[in-house]
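What follows is one structure encoded as structure tokens, with my remarks underneath.
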Amino acid sequence: MRPQRKDSTTLHTCRPCLRTVPYRIYAVIHTCAIGALMYHHAHSLVTENTTLITSLLLLSDVVLAFMWATTTSLRLYPVHRFEYPERYVAEPEGGQFPKLDVFICTADPYKEPPMMVVNTALSVMAYDYPSDKISVYVSDDGGSMLTLFALIEAAKFCKHWLPFCKKNNVQDRSPEVFFSAKSSNSWMDEAENLKMMYGDMKKRVEDVVNSGKVNDHHESIKSGQFCGVFDLWADKFTRHDHPTMIKVLQDNDTKIMPNLIYVSREKRRSSPHHFKGGALNTLLRVSSVMTNAPIILTLDCDMYSNNPSTPLHALCYLSDPKISSCLGFVQFPQKFQEINRNDNYASEHKRAFDINMVGYDGLMGPIHVGTGCFFNRRVFYGPPDNLILPEIDELGSNHIADKPILTRDVLALAHDVAGCNYEQKTNWGSKIGFRYGSLVEDYYTGFNLHCEGWRSVFCSPKRVAFVGDSPKCLTDVLVQQMRWSVGLLEMLFLKYSPLTYGFKSLGLLMGLGYCHYVLWPFRSIPLIVYGLLPQLAMLYGVSVFPKTLDPWFWLYIFLFFGAYAQDLSDFLLEGGTYRKWWNDQRMWMIKGLSSFVFGCIEFTLNILNLSTPEFNLTSKANDDDEQRKRYEEEIFDFSSSSSMFLPLTTVAIMNLLAFVWGLYSLFLCGGGLGIELMLAGFAVVNCLPIYEAMVLRKDDGKLPKRVCFSAGILTLVLIVSGYFFLK
Ligand SMILES: O=c1ccn([C@@H]2O[C@H](COP(=O)(O)OP(=O)(O)O[C@H]3O[C@H](CO)[C@@H](O)[C@H](O)[C@H]3O)[C@@H](O)[C@H]2O)c(=O)[nH]1
Ligand SMILES: [Mn+2]
């Protein structure tokens, strides 16, 4: 891709990354090396009497090679983009800001504290953007009076917060962030007042959350506009079974303030609700009826805005007539707060949210990652050249929503389209809106949009646009990954699977790019094989890899170091550090030996109808002090006894045994330093925190005895069974 002309009217520029050419050259060399390795395996299969071992190694290497190919597809055209929002504002048509609908999803007031939702809502309502053009819709899948109460409070507070931010050009527009900032000494009285007001609001909300219900003595609901709203939470109300609730908490007809609308769609146990995808489709319809803005921003409730001019960055692309007709969405990276210094759980997801995104961006555009994404509303209604009309005109992307949102028939229709049976026999979830069928609705929807011919753009302004919360304990990290792997496997077996349909409609590179994630769960195959087989073989004195003097030995060394060096360079070039990279690769193995194994098991149980897919919400409430301390000190936390740690611990024990045995034979019996020993040594270094958690630690985060004991037994069983096929 050639850099665009840099004249003073261009709203955005794009330039290829400098690493492109060396990466392409290296790709050719590495591909040849992989070819040679495959030849070596094939040759061994035919000539040697080690069919089982060679087949297992071959299978692992095929998976690894495919994974390498998918990563490489994202290394061939990496680009960096820049946009010039100040030019957008200065344009002759400047000031013609399109309407913007913001969707915020929340689903549980205990895992997602209402004050978090409030801060996210306030941060976007306070965008540097005409307030009367913004409508914020909060979808509450938890159907919780606590969340509604918090948002009523937010609506009151925003009347003070918004003018304050704009007048003083405050950059942190999440009040929580602003008021807890360290540099608060030069504050004006106004800020002090607001801080008190915010503190009072926070206390009211937290008291309500702690008490579990809203009492009717609260000022805000005793009289006036919200009188009686909480009566809906009657006896029979549960989060899985309740009518639609839509409450306009603030509307821009009376004051120049953004609209704030609370939506809790109807839920009945008998109707499927399709988790977040379902919630977003409800918001799509409700917002069509009420405001129908051409631009939509989707956010998870933890992702507050950190940059007030974000919409302008997105508009630099969405308003550019040269690309806008096919531009489906502008994706911002996910960034997280309070990550510990070296990010020991790799929850920054640097590869997913930075490195790979830059790679996709040079092909057809970044994948959709669920939050921090500006959509062209039209994208939800079929391919660019083939508009699919919804069942009623009021839901079409061209419908003009010009009635005040509090009008009776507008509200009635909004309630209608949020009903739990509304989608029956319609195209919602299949051809219109967010797509159903996978727990990773974001990835699946983005994939479908790209297949339809839409493009996307990755936008990563210097001042980070959105900041969210990432899991802070190992079990949470692994459970999140497990949900993703179930979702990815679901995608693999759907009608529109990246593996088949993807290549057909996206071409080789983007097709490979989409396979990069769907095949994630299968990386547990090479990890299990390489984590156990050579080590078992070592214990029995069998060698599975070429010896030091063999030229094939050097092929292995080259492939290993080549792949690792490139991974490291990816990381460093996109602003990572060595330590973070080291932790990232360690987590890669940990996930491969836990989440992905269990993800595959869970998926199998789902298709056998022995369990049903579940969206386990990631907890954003970090209130366990001990746990938080361990996280800050980068100490691995194995506290909640989870069977997920079993394969991991087994591999750790096996490698330690093999390593000790290998050193013993090296020094006492004069064996050679083979690949087996190096591999075991590498695994042992990676597993140091696990050994520590098994024997040295006394705190609550240590590895539970039950897991250590079971892993010990499992190792023993493996060693004994190794006798039968290795001797
Ligand atoms: O039935 C549900 C379940 C979840 N959510 C919302 O979905 C969002 C994401 O849930 P979370 O538990 O935070 O999942 P994460 O694993 O952190 O999220 C990543 O992965 C998801 C797909 O698995 C994407 O939807 C997210 O955008 C992406 O950040 C949250 O705002 C939830 O409130 C709902 O609205 N309804
Ligand atoms: Mn999340």
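When a ligand or atom number is given, it counts from 1 through the structure's own listing order. Model, not experiment: these values are computed from the prediction. Position 1 is the first residue of the sequence, and the numbers go up from there.
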Between [X] and [Y], is any side-chain donor less than 3.5 angstrom from a side-chain acceptor?
X	Y	result
Y517	N356	yes
S456	Q331	no
Y262	D140	yes

Going by the order shown, which atoms of ligand 1 are within less than 4.0 Å of some heavy atom of [X]?
X	answer
Q334	28 (C), 29 (O)
G370	27 (O)
D141	1 (O), 2 (C), 34 (C), 35 (O), 36 (N)
Q480	15 (P), 16 (O), 17 (O)
C301	31 (O)
F615	3 (C), 4 (C), 10 (O), 12 (O)
L439	22 (C), 23 (O)

Short N/O distance, under 3.5 Å, between A107 and ligand 1?
yes
Does any N or O of ligand 1 fall below 3.5 Å from an N or O anywhere on T618, backbone included?
yes
Can you find a non-hydrogen atom of [X] under 4.0 Å from ligand 1?
X	answer
G487	no
K111	no
V369	yes

Do the ring centers of Y514 and Y443 come within less than 6.0 Å of each other?
yes
May I ask you to check whether W428 and F380 place their ring centres under 6.0 Å from each other?
no
Give the residue, atom name and distance (to 0.1 Å) of the protein heavy atom nearest [atom].
atom	result
atom 24 (C) of ligand 1	D442 OD2, 3.3 Å
atom 30 (C) of ligand 1	E112 OE2, 3.4 Å
atom 20 (O) of ligand 1	W484 NE1, 3.0 Å
atom 1 (O) of ligand 1	F275 CA, 3.3 Å
atom 31 (O) of ligand 1	C105 O, 2.8 Å
atom 11 (P) of ligand 1	K620 NZ, 3.5 Å
atom 25 (O) of ligand 1	E441 OE2, 2.6 Å
atom 15 (P) of ligand 1	R483 NH2, 3.1 Å

Name the option, out of D300, D108, V440, that contains the heavy atom nearest to atom 9 (C) of ligand 1.
D300
Any carboxylate oxygen within less than 4.0 angstrom of a Lys/Arg side-chain nitrogen, looking at R435 and E452?
yes
Charged N to carboxylate O under 4.0 angstrom, R285 versus D416?
no
Any chance you could lay out the side-chain contact (heavy atoms from CB on, under 4.5 Å) test for N259 and I134, step after step, and finish with the verdict?
CA-CA 6 Å; N259 292 318; I134 301 181; over 6 Å; no
Under the side chain to side chain donor-acceptor pair (under 3.5 Å) criterion, do Y381 and N427 qualify, and how do the steps go?
CA-CA 10 Å; Y381 298 89; N427 284 325; over 6 Å; no
Just wondering, are more than 12 heavy atoms of other shown residues or ligands nearer than 6.0 Å to CZ in R463?
yes
Exactly one of D343, N342, N344 clears side-chain hydrogen bond (donor to acceptor under 3.5 Å, both in side chains) with N340, and that residue is N344
Cation-pi geometry met for R483 and F615 (6.0 Å, 45°):
yes
Please check if the side chain of R586 supplies one atom and the backbone of M589 the other of a donor-acceptor pair under 3.5 Å.
no
